[in-house]
Asker: 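Sending over a structure as structure tokens; questions will come in a sec.
Only this structure's heavy atoms are used, side chains among them; waters, hydrogens and symmetry mates stay out.
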Amino acid sequence: MPREKSGKRLAEPAQPATIRRPDATRIAGLSVHASLAGEIGLRIVRGDYPPGTVLPNEAKWSETFNVSRSAVREAIKMLMAKSLLASRPKIGSWVEPRERWNLLDRDVLAWYATSPDREVFLRTVQEFRHIIEPEAAAFAALRRSDEQMVEISQACREMGEAAHIQERTRADTRFHLAILRASGNELLVPLGVLIESALDHLFVFVTREHSDQRRAQSLHEAIERNIRLQRPAAARSAVHRLLANTDEVIELSRP
């Protein structure tokens, strides 16, 4: 279990008990088709239905989840929009090749994060961060406004003051997204929002596995300080050190 700055272990908030049945589950909620799309999408991403698999027809899904056929049709449309599925009359729906999936879709990322091969997911997120975050921090050091700096500093401070994992994770994600916004590159802003789910899953994992929270906090504070002092090269280097530290945590967690 992780520790806070004082050396105390960060408490893990109690999680509500959930009961999932694989079949004959009534999909409830305000949006039945969205819930159904989530259930089918999760099964696709985790490998229950490999690419090329023809899915059960509307009648079968309707029976399995006790929903209307119209709800099934809407769910399939949602998954087609995310490029997980293709469909043709008289053939049905089938799973598209993995390279066509929209992995920057919030829902697809969330399903990807819960797939059995978590190590692949974590490494993919880390590679993306190595490509984007060092330069984003360097630009943020040059371009950030006073208001954006307040946002970055506040998120960093709240990380250190967090009482439990979820609170620290939320602050950690806000910290990195605030840096992307402060970089001044408009293309990074929607990209950051899209990968928010991926960062959340990564940071929860790292926080739980990482026993040295003081070092992690120190690395974040170095990034904040160099952006605040408008030192782009130092900010870039500070991000590289943080990412290297996260790489080590992922490597050490391998079975």
Side-chain angles (χ1 to χ4, degrees), residues 2-6 10-11 13 102-110 113 124-207 210 212-247 249:
R3 300 175 184 272
E4 59 183 1
K5 289 178 71 176
S6 62
L10 288 175
N102 182 8
L103 290 178
L104 289 181
D105 179 274
R106 283 178 179 271
D107 293 331
V108 179
L109 271 174
T124 300
V125 174
Q126 274 299 99
E127 287 179 0
F128 177 87
R129 298 182 69 201
H130 276 285
I131 295 168
I132 298 296
E133 291 192 28
E135 294 306 315
F139 280 122
L142 293 171
R143 300 172 175 175
R144 55 86 178 164
S145 66
D146 291 342
E147 292 78 10
Q148 289 169 333
M149 192 66 240
V150 168
E151 185 180 10
I152 294 169
S153 299
Q154 181 176 342
C156 187
R157 182 175 62 256
E158 290 177 358
M159 285 180 61
E161 297 172 349
H164 54 72
I165 288 175
Q166 288 185 352
E167 187 178 324
R168 181 179 178 85
T169 298
R170 286 193 295 267
D172 200 347
T173 301
R174 287 199 306 273
F175 176 79
H176 291 279
L177 295 181
I179 291 174
L180 291 183
R181 287 191 291 271
S183 71
N185 188 305
E186 293 182 350
L187 293 180
L188 290 183
V189 176
L191 193 58
V193 173
L194 285 171
I195 66 167
E196 183 175 353
S197 175
L199 292 180
D200 281 343
H201 283 88
L202 174 65
F203 295 154
V204 166
F205 173 83
V206 170
T207 303
H210 197 344
D212 189 357
Q213 286 303 311
R214 290 184 180 179
R215 172 166 170 74
Q217 182 65 25
S218 176
L219 291 169
H220 283 82
E221 289 173 354
I223 298 171
E224 185 274 343
R225 181 171 59 254
N226 285 302
I227 292 176
R228 174 163 40 84
L229 296 176
Q230 297 185 300
R231 301 190 296 207
R236 182 188 297 112
S237 297
V239 174
H240 279 303
R241 289 194 296 273
L242 174 65
L243 293 176
N245 185 69
T246 304
D247 290 340
V249 175

Asker: State whether the side chain of N245 and the backbone N or O of R241 hold a donor-acceptor pair below 3.5 Å, judged by distance alone.
Answerer: no

Asker: Show the nearest heavy-atom pair for residues I179 and A137, with the distance to one decimal.
Answerer: CG2-CA, 3.8 Å

Asker: For L229, which residues count as a side chain to side chain contact (heavy atoms under 4.5 Å, CB included) partner, sequence neighbours excluded?
Answerer: R225, R231

Asker: Partners of S153 by side-chain hydrogen bond (donor to acceptor under 3.5 Å, both in side chains), sequence neighbours excluded?
Answerer: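 For S153, the residues satisfying side-chain hydrogen bond (donor to acceptor under 3.5 Å, both in side chains) (neighbours in sequence not counted) are E224.
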
Asker: Just to verify, what does P232 make a side chain to side chain contact (heavy atoms under 4.5 Å, CB included) with, not counting sequence neighbours?
Answerer: A138, A141, L142

Asker: Please report the interatomic distance CG(L104) to CZ(F128), rounded to the nearest 0.5 Å.
Answerer: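 The CZ atom of F128 is 6.5 Å from CG of L104, to the nearest 0.5 Å.
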
Asker: Roughly how far apart are L109 CG and N102 CG, rounded to 0.5 Å?
Answerer: 8.5 Å

Asker: Mind checking what makes side chain to side chain contact (heavy atoms under 4.5 Å, CB included) contact with R157, not counting sequence neighbours?
Answerer: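 Partners of R157 by the side chain to side chain contact (heavy atoms under 4.5 Å, CB included) criterion, ordered by chain and then number, come out as Q154, E161.
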
Asker: Looking at M159 and Q217, what are the two nearest heavy atoms and their distance?
Answerer: CB-OE1, 3.5 Å

Asker: Can you list every ring-ring contact (aromatic ring centres under 6.0 Å, His included) pair that touches residues 213-242, not counting sequence neighbours?
Answerer: F175-H220, H176-H220

Asker: How would you list, by chain and number, every residue that makes a side chain to side chain contact (heavy atoms under 4.5 Å, CB included) with Q126, sequence neighbours excluded?
Answerer: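 So Q126 forms a side chain to side chain contact (heavy atoms under 4.5 Å, CB included) with R129, H130, L202, L243, T246, D247, I250.
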
Asker: Is there a donor-acceptor contact under 3.5 Å from the side chain of S237 to the main chain of A233?
Answerer: yes

Asker: If you compare all heavy atoms of A216 against all heavy atoms of R168, which two are closest, and at what distance to 0.1 Å?
Answerer: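 The pair with the smallest heavy-atom distance is CB-NH2, 4.0 Å.
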
Asker: How long is the straight-line distance from CG of L180 back to CD1 of I132, given to the nearest 0.5 Å?
Answerer: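 Taking CD1 in I132 and CG in L180, the distance rounds to 8.0 Å.
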
Asker: Measure across I223 and A238 and return the closest heavy-atom pair with its distance rounded to 0.1 Å.
Answerer: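 For I223 versus A238, the nearest heavy atoms are CG1-CB, 3.7 Å.
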
Asker: What residues form a salt bridge (Lys or Arg N to Asp or Glu O under 4.0 Å) with E135, not counting sequence neighbours?
Answerer: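 Checked E135 against salt bridge (Lys or Arg N to Asp or Glu O under 4.0 Å); matches are R236.
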
Asker: Output all residues satisfying side-chain hydrogen bond (donor to acceptor under 3.5 Å, both in side chains) with R170, sequence neighbours left out; order by chain, then residue number.
Answerer: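 None.
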
Asker: Please list, chain by chain and in numerical order, all residues satisfying salt bridge (Lys or Arg N to Asp or Glu O under 4.0 Å) with E158, sequence neighbours excluded.
Answerer: R174

Asker: Looking only at atom types and distance, does a side-chain atom of E167 sit under 3.5 Å from a main-chain N or O of H164, one as donor and one as acceptor?
Answerer: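 Looks like no, no N/O pair under 3.5 Å.
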
